[in-house]
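Everything on this sheet refers to the single structure shown next.
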There are 2 protein chains.
Amino acid sequence: MNLKPLSESTEMYLKAMAEMSYQDVVAVGRLAERLGVTAVSANEMMRRLGEQGLVSHTPYKGVNLTKKGREVAGNVIRRQRLWECFLYDHLKIEWSQVYEFACSLEHATAPELTEALAEFLGNPKTCPRGNPIPAADGSFKPLDAIPLSEIKLGQAAHVLAVNATATDVLKYLQEKNILPGRDVTVVEVAPMQGPLTLRVGGKDVALGLPMAEFVLVKII
Amino acid sequence: MNLKPLSESTEMYLKAMAEMSYQDVVAVGRLAERLGVTAVSANEMMRRLGEQGLVSHTPYKGVNLTKKGREVAGNVIRRQRLWECFLYDHLKIEWSQVYEFACSLEHATAPELTEALAEFLGNPKTCPRGNPIPAADGSFKPLDAIPLSEIKLGQAAHVLAVNATATDVLKYLQEKNILPGRDVTVVEVAPMQGPLTLRVGGKDVALGLPMAEFVLVKII
DNA sequence: AAAATTTTTATGGTTGACCTTATTATTCCA
DNA sequence: TGGAATAATAAGGTCAACCATAAAAATTTT
Ligand SMILES: [Mn+2]
Ligand SMILES: [Mn+2]
Ligand SMILES: [Mn+2]
Ligand SMILES: [Mn+2]
């Protein structure tokens with residue numbers, strides 16, 4: 001099935017798309033933004049990925065992963081999250097740095113190695129950021145959760161996962177105790193897309209809406 | 001000191017040079033051969049590496065690692081061999097496959113991660129192929145050993161390390177029990193660069209000279 | 001229905017790491 | 001010392017991923 005090894009760049013595009021597809025269609029502009037490339041570059045890449053049958057692009061509508069693309073993305077995410085487990089649980093790497101190290105290793109990991117690692121780890125179900133680990137065949141379902149940014153005033157919520165990747169953002173969330181397993185309550189919502197004020201562990205914490213989008217919660 | 005991350009290609013060139021420099025100068029042609037590129041490509045790369053101060057090339061003489069280049073190479077080798085230990089001892093990866101997997105991971109491993117891994121492994125001194133692991137600062141000294149290809153008829157030797165990298169070569173050596181820790185005796189040397197016949201563990205094994213160069217031994 | 005915005009395409013460039021096919025320079029050897 | 005072998009250069013390409021600038025196309029907003 002999978003003949004040639006895909007480039008790191010290809011894998012990162014597919015992974016980003018999978019992570020963004022809580023909506024069925026991903027806007028190429030958003031994708032570019034997330035990956036830190038120009039919209040032109042992202043469009044070029046979509047053409048290449050389309051030719052390889054990994055994505056389908058409906059101009060002015062957006063891009064979708066194909067079945068094949070989704071499977072590849074699931075495998076990348078699986079490797080990434082397994083490495084996160086290893087780095088955090090065994091190498092004692094700092095929580096906020098785990099993602100960035102795993103994000104390199106994920107592209108250097110053959111399937112046989114991936115499964116040996118899963119075995120070693122005891123086939124964990126979630127990574128340290130709370131995200132579920134796709135199955136060995138690459139299949140996965142998005143977490144049944146909503147971004148913290150969509151929670152209404154006064155509502156309490158249980159943090160299921162943190163989807164941020166940047167080390168500084170993760171460090172900030174860690175400092176403020178907005179972590180998987182914690183409960184938070186929205187005590188204020190400033191107007192004009194202003195920050196949320198959350199009550200978490202007896203303290204009030206301000207969180208901008210963009211960052212709140214990376215925190216996945218379940219209303220309680 | 002080390003500002004930009006070096007490419008995988010760069011790291012592989014430096015590593016190959018370090019492994020080949022039991023002689024002080026490495027012929028660019030040999031290097032090309034070992035890396036599976038054309039001599040022209042290797043020459044181009046020597047120019048680039050020269051500009052970066054990683055190698056010094058004396059035309060028609062050969063290339064040398066600079067101090068900086070040797071340090072980088074030592075670090076790459078350290079990562080590689082630490083990963084070999086992990087893959088073999090903890091993930092139970094097949095001995096002959098350990099090298100190839102480690103050879104991918106070595107380029108995706110930041111210094112902080114390398115040291116956490118070393119700690120996790122208990123700072124091992126040698127990898128599963130018997131090679132010593134360079135220090136955290138990249139320093140290393142070549143193993144005090146000679147290639148099996150230079151052993152004379154009738155002589156017995158102790159295998160210290162196997163330097164082969166190709167999975168099929170490693171598999172062959174494994175099958176024939178030519179492994180670190182074993183003792184072998186040269187019972188026949190065929191003329192015209194013919195194969196050696198070795199007595200190892202009560203059996204006679206034929207080994208071509210090119211392969212024998214990858215087996216490092218100490219006369220006993 | 002305009003106007004504004006977003007998206008896509010068109011061009012033309014760059015860089016690293018490869019390649020092939022000459023040609024030239026040097027070293028080695030008989 | 002004169003070839004043969006080896007090493008290095010020159011010249012011209014490819015390919016994946018990026019970039020910028022500009023123009024065109026579609027969508028969204030007013
Ligand atoms: Mn629409
Ligand atoms: Mn990555
Ligand atoms: Mn390698
Ligand atoms: Mn050129």
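Just so it is clear, the values below take in all heavy atoms, side chains as well, and ignore hydrogens, waters and symmetry mates.
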[X] side chain N/O closer than 4.0 Å to the phosphate oxygens (OP1, OP2) of [N]?
X	N	result
B/Thr38	C/dT21	no
A/Ser7	D/dA16	no
A/Ser9	D/dA16	no
A/Arg48	D/dA17	yes
A/His57	C/dT7	no

Inset, instruction - Determine the sole option in B/Glu106, B/Glu115, B/Glu11, B/Glu71 for which the salt bridge (charged side-chain N to carboxylate O under 4.0 Å, His left out) test with B/Arg78 is passed. - result: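 Testing each of B/Glu106, B/Glu115, B/Glu11, B/Glu71 against B/Arg78, the sole residue satisfying salt bridge (charged side-chain N to carboxylate O under 4.0 Å, His left out) is B/Glu115.
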With respect to the side chain of [X], which nucleotide from [options] is positioned closest?
X	options	answer
A/Thr10	D/dA11, C/dA17, D/dA17	D/dA17
B/Tyr13	C/dC18, C/dT8, C/dA17	C/dC18
B/Pro59	D/dA17, C/dA17, D/dT9	D/dT9
B/Glu44	C/dT8, D/dA8, C/dC18	C/dC18
A/Val37	D/dA7, C/dA17, D/dC18	D/dC18
B/Tyr60	C/dA17, C/dC19, D/dA8	D/dA8

Distance check needed: [N] [atom2] versus [X] [atom1], whole Å only.
X	N	atom1	atom2	answer
A/Arg30	D/dT27	CZ	P	18 Å
A/Leu31	C/dT7	CG	C1'	13 Å
B/Met46	C/dC18	CE	P	10 Å
A/Met45	C/dT9	CE	P	16 Å

Inset, instruction - Classify the nucleic acid contact of B/Val40 as base, sugar-phosphate or nothing, counting any heavy atom under 4.0 Å across all strands shown. - result: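 Base contact.
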Inset, instruction - Starting from the 5' end of DNA chain D, give me the residue, B/Asn43 or A/Gly36, whose nearest nucleotide shows up first. - result: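 Per heavy-atom nearest nucleotide, the more 5' residue is B/Asn43.
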Inset, instruction - Evaluate the criterion salt bridge (charged side-chain N to carboxylate O under 4.0 Å, His left out) for residue pair A/Glu33 and A/Arg30; output intermediate values, then yes/no. - result: CA-CA 5 Å; A/Glu33 217 171 73; A/Arg30 309 286 82 213; 3.1 Å; yes
Legend entry - Flag if over 12 foreign heavy atoms under 6.0 Å of CZ, B/Phe140: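 Yes, because the 6.0 Å sphere around CZ of B/Phe140 holds more than 12 heavy atoms from other groups.
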Inset, instruction - First locate atom OG1 of A/Thr109, then atom CZ of A/Arg79, and finally report the distance between them rounded to the nearest 0.5 Å. - result: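 The CZ atom of A/Arg79 is 6.5 Å from OG1 of A/Thr109, to the nearest 0.5 Å.
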Legend entry - Geometric class of the A/Trp83/B/Trp83 ring pair [parallel <30°, tilted 30-60°, perpendicular >60°]: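 If you compare the ring of B/Trp83 with that of A/Trp83, the planes turn out perpendicular.
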